[in-house]
Amino acid sequence: MYQENKETISGTVDSVIFQSEETGYTVIEIEDSAGFPVTLVGTMPYLCEGDSITATGKWINHQVYGKQFKVDIYEKTLPTGVSDIMRYLAGGTVKGIGPKTAKKIVDKYGEDTFDVIENHHEWLAEIPGITPRKAADINSSFIEMSGARNVMMFCADFFGSAQSMRIYKKWGGSAVDRIKKDPYSLCEAFSGIGFKTADSVAESFGISRDSASRVLAGINYTLEVAAHSGGHTCLPESLLIREAARILSLEESKIASGISVGLSSGKLSARGTAGERYIYLPRYLKAEEYTARKLRMIDTSCPRIDSVDIAGFIERVERTSDIRYAQMQREAIASALGGGVMVLTGGPGTGKTTVIKGLISIFDTIGLDVALCAPTGRAAKRVSESAGCEAKTVHRLLEMEHSDDREPRFMRNASCYLDEDVIIVDESSMLDILLLEALLLALKPGARLIFIGDRDQLPSVGAGNVLADIIDSKEFCTVCLTEIFRQADESRIITNAHLINEGKMPITDNKSQDFFFMSRRTDTEIAATVAELISKRLPKAYGEAISQGIQVITPSRKGLAGTESLNALLQSTLNPNDGTKAERQAHGIILREGDRIMQIKNNYDIEWEKDGYEGYGVFNGDIGSVVSINAHGESITLDFDGRVSEYDFTALDELEHAYAITVHKSQGSEYPCVIIPLYSCAPMLLTRNLLYTAVTRASKMVILVGKREILEAMVSNDTHATRHTGLIKLLTNE
């Protein structure tokens with residue numbers, strides 16, 4: 001992997017050009033050991049004129065300010081000579097000391113000045129003009145600065161300057177003692193510091209591997225991994241014990257004791273009885289419990305509309321829209337009007353969008369305000385175009401703002417309800433339990449909630465199995481559309497999607513205009529054919545414009561036809577290095593101007609601008625392109641469907657290429673043309689619902705490339721990965 005060369009320079013701070021009290025970002029000028037002035041930039045809080053520092057980083061060439069040294073880590077020492085101490089204090093470094101007072105103190109105490117200020121501040125009152133109270137204030141200011149220096153220097157061994165600054169801002173001068181006492185408390189207090197990092201810090205301190213704090217932190221980590229990787233909101237206690245014991249390399253008895261400690265302290269939660277107990281991280285149990293309560297409340301408290309009126313509304317919208325609803329569509333509309341919570345599910349081409357349009361029209365007629373939303377930006381854009389009504393992401397609907405601790409903060413909540421009377425959530429299979437909780441918190445009493453989705457698609461990336469759990473609870477009205485309408489029936493994509501969902505082989509005679517199968521025997525042949533289709537065959541047959549609408553969707557990251565290999569191949573084919581495009585190497589890949597990229601984790605801090613509107617947040621699965629790379633400014637400009645953002649180079653590990661993406665990452669999106677490699681990969685990924693989800697991402701064309709036996713295996717494999725959740729039992733009061 002590419003490693004940048006680092007350098008170290010030392011010197012005395014001549015001047016502080018800029019310093020942010022909030023972030024610690026600082027621009028200083030020092031005189032290096034050779035006597036030359038050098039400009040340093042980076043997170044260096046509480047630096048002052050006269051400080052002696054040693055900094056490690058690299059040289060950059062700023063397009064405006066020229067050559068600078070960008071600091072990654074630094075050490076700061078107090079001056080020792082009388083003249084340097086005098087200069088340090090005279091610069092206003094310590095509150096309460098100006099040039100005249102500094103001279104008096106240094107004249108009296110000389111090289112012992114700092115020791116007097118820190119440890120014997122009452123002696124300062126012997127100097128004319130310094131009262132006992134002022135002496136105490138000087139001591140407090142000095143200790144605060146010393147504490148910051150100590151924290152930054154201590155943390156530099158484990159974290160970057162920016163993270164160290166966050167630790168100091170939150171914990172102050174006690175940070176070092178807190179970290180030494182319990183390094184694992186970092187995991188709870190700071191996003192971005194995981195168990196493995198805290199574990200390495202603890203190991204450096206010689207903390208026992210079976211310490212109570214390590215065991216509990218490891219149990220929490222096991223539950224976090226289960227939530228993020230498997231979608232579990234909880235784990236059976238026996239399974240949690242086995243997994244945590246494996247991760248921590250400890251006896252199961254230690255884990256069982258740790259769970260008891262966690263439950264007693266409130267750091268873990270549980271539901272069920274002995275032998276059938278499920279263990280939660282508290283926020284997930286809280287989310288499930290609140291979701292169950294609020295859904296029941298919405299369903300029972302929403303004002304009902306008389307069935308006679310409902311029939312009249314449906315007939316009226318049929319006349320004005322020149323449409324005739326099918327029986328199940330009429331039932332769906334009636335259920336949505338007659339109840340508080342309603343679920344509409346069905347596959348492609350079954351008329352879900354037609355129902356959405358009808359509902360919006362009827363609600364508008366009776367004076368109810370409607371909010372249409374979806375979990376992701378692409379899903380919101382898709383339903384906006386199909387329904388002819390603006391749709392927002394759930395995050396934007398809830399007016400999300402970023403917070404200092406990098407967690408989402410929704411301005412619409414239980415203290416500030418949404419104004420709308422009806423909330424329609426499309427692509428509800430993508431809702432995770434935490435996002436649904438946030439949405440429910442913002443629903444006002446009497447509001448209606450309508451879930452639209454396809455339960456046969458893959459579940460959410462985040463923890464929970466929300467749509468399926470709500471349907472399976474049988475507590476709320478659910479209408480499943482099954483009839484494929486004439487126009488949709490003419491599409492081989494839709495026909496084959498339903499055949500796949502029924503466990504039947506799709507029609508692959510290549511006689512249609514929108515569904516093709518190309519047999520290839522080896523992974524190398526599959527990858528080469530995919531590249532040829534995108535770069536030559538499809539543009540030649542349909543015009544160059546089709547290139548922008550092609551998306552490769554593959555079951556796995558691994559293998560020659562997985563995303564990692566295909567992205568490297570497709571980048572070299574579609575966006576080669578021609579000497580004119582700037583590029584940047586990061587975490588083993590090369591990002592180049594013009595590249596198609598994807599955000600791979602939620603980042604609530606990223607600012608973006610679109611059509612004069614400014615907002616925050618780029619989310620896991622968002623796809624965009626690299627507009628420009630500024631090596632001097634160490635930034636990269638990205639365009640996510642018109643939302644233009646600027647990333648610092650330190651955030652590049654949140655990006656990867658998106659010429660090829662996994663099926664899981666494609667959820668909620670729609671592309672004109674989808675190419676699906678069918679090759680041998682992990683059996684758990686060769687499932688029917690994964691293939692069904694991939695096929696239903698295409699609006700105009702699907703091309704399967706690979707082995708027929710893999711296609712047959714996926715169609716016949718109706719295995720669904722188990723997700724441990726408690727929402728069904730909470731909804732049914734079990």
Side-chain angles (χ1 to χ4, degrees), residues 295 297-374 379-392 394 397 417-428 439 443-454 467 470-471 476-491 494:
L295 286 174
M297 185 273 286
I298 293 171
D299 201 43
T300 56
S301 65
C302 179
R304 280 358 190 208
I305 298 175
D306 188 87
S307 59
V308 175
D309 294 333
I310 290 174
F313 289 136
I314 293 175
E315 291 172 2
R316 187 177 305 139
V317 78
E318 284 182 326
R319 289 196 304 272
T320 58
S321 303
D322 191 24
I323 192 172
R324 185 69 180 173
Y325 294 118
Q327 178 57 38
M328 293 306 293
Q329 288 178 314
R330 294 176 68 90
E331 183 177 326
I333 294 173
S335 298
L337 294 173
V341 176
M342 181 264 184
V343 179
L344 175 63
T345 184
T350 56
K352 296 192 297 293
T353 301
T354 301
V355 172
I356 292 175
K357 289 180 178 178
L359 286 171
I360 292 172
S361 177
I362 292 172
F363 285 130
D364 182 62
T365 298
I366 59 182
L368 297 180
D369 291 333
V370 178
L372 182 59
C373 62
K381 181 179 179 181
R382 179 182 177 186
V383 71
S384 291
E385 294 169 348
S386 59
C389 175
E390 182 193 12
K392 299 178 180 179
V394 177
L397 179 68
Y417 290 127
L418 290 167
D419 298 323
E420 289 82 3
D421 307 292
V422 183
I423 309 297
I424 301 176
V425 188
D426 196 32
E427 294 287 357
S428 294
L439 178 62
L443 259 64
K444 66 183 181 181
R448 284 176 167 77
L449 180 59
I450 301 168
F451 296 106
I452 313 288
D454 184 348
L467 183 64
I470 290 173
I471 293 171
F476 308 100
C477 180
T478 299
V479 177
C480 181
L481 301 178
T482 57
E483 179 183 351
I484 303 175
F485 292 95
R486 184 184 62 80
Q487 185 176 0
D489 195 37
E490 297 171 358
S491 165
I494 292 176

I'd like to know if the side chain of D421 reaches the main chain of D369, judged simply by a donor and an acceptor atom lying under 3.5 Å from each other, with no hydrogens or angles considered. yes
Tell me the closest heavy-atom pair linking G446 and C302, and the distance in Å. O-SG, 3.8 Å
Counting N and O atoms only, with roles assigned by atom type, does the side chain of D426 sit under 3.5 Å from a partner on the main chain of A374, one being a donor and the other an acceptor? no
Donor-acceptor check, side chain of S321 to backbone of E318, threshold 3.5 angstrom: yes or no? no
How far apart are the closest heavy atoms of L397 and A371, and which atoms are they? CD1-CB, 3.8 Å
Residue among V383, L418, I423 satisfying side-chain contact (heavy atoms from CB on, under 4.5 Å) with C373: I423
Before accepting this row, confirm whether a basic side-chain N of the pair D419/K444 lies closer than 4.0 Å to the acidic partner's carboxylate O. no
Value for CG (L295) from CG (L449), rounded to nearest 0.5 Å, stands at 6.5 Å
dist I305:CD1 -> I362:CD1 (nearest 0.5 Å) comes out at 8.5 Å
Side chain of Q329, backbone of G351: donor and acceptor closer than 3.5 Å? yes
Give, for atom CG of L439 and atom OG of S428, the distance between the pair rounded to the nearest 0.5 Å. 9.5 Å
Quick one: does S384's side chain have a donor or acceptor within less than 3.5 Å of a partner on E390's backbone? no
For A387 and L372, which heavy atoms make the closest approach, and how far apart are they? CB-CD2, 4.2 Å
Nearest-0.5 Å distance, SG of residue C480 to CD1 of residue I471: 8.0 Å
Verify side chain to side chain contact (heavy atoms under 4.5 Å, CB included) between F451 and V341, making sure each step is shown before the conclusion. CA-CA 8 Å; F451 296 106; V341 176; 4.0 Å; yes
How many angstroms lie between CG in L337 and CZ in F313, if you round to the nearest 0.5 Å? 7.5 Å
Which atom names give the shortest non-hydrogen contact between A336 and L359, and what distance separates them? CB-CD2, 3.6 Å
Keeping S361 on the side-chain end and K357 on the backbone end, is there a donor-acceptor pair under 3.5 Å? no
So does L344 get a backbone contact from the side chain of K352, meaning a donor-acceptor N/O pair under 3.5 Å? no
Could you go through the side chain to side chain contact (heavy atoms under 4.5 Å, CB included) check for V370 and D364 one step at a time? CA-CA 8 Å; V370 178; D364 182 62; over 6 Å; no
Output yes when a side-chain donor or acceptor of T350 lies under 3.5 Å from a complementary backbone atom of T482, and no otherwise. no
Backbone N or O of I298 within a donor-acceptor pair of the R448 side chain at under 3.5 Å? no
Closest heavy-atom pair and its distance - D454, L467: N-CD2, 4.1 Å
Straight-line distance of R304 CZ to D309 CG, nearest 0.5 Å: 15.0 Å
Heavy-atom pair with the smallest gap, counting every atom of G358 and Y325: CA-OH, 3.3 Å
Using the rule given for side chain to side chain contact (heavy atoms under 4.5 Å, CB included), can you reason through F363 versus I450, listing the C-alpha separation, both sets of side-chain angles and the distance that settles it, and then say yes or no? CA-CA 12 Å; F363 285 130; I450 301 168; 4.0 Å; yes
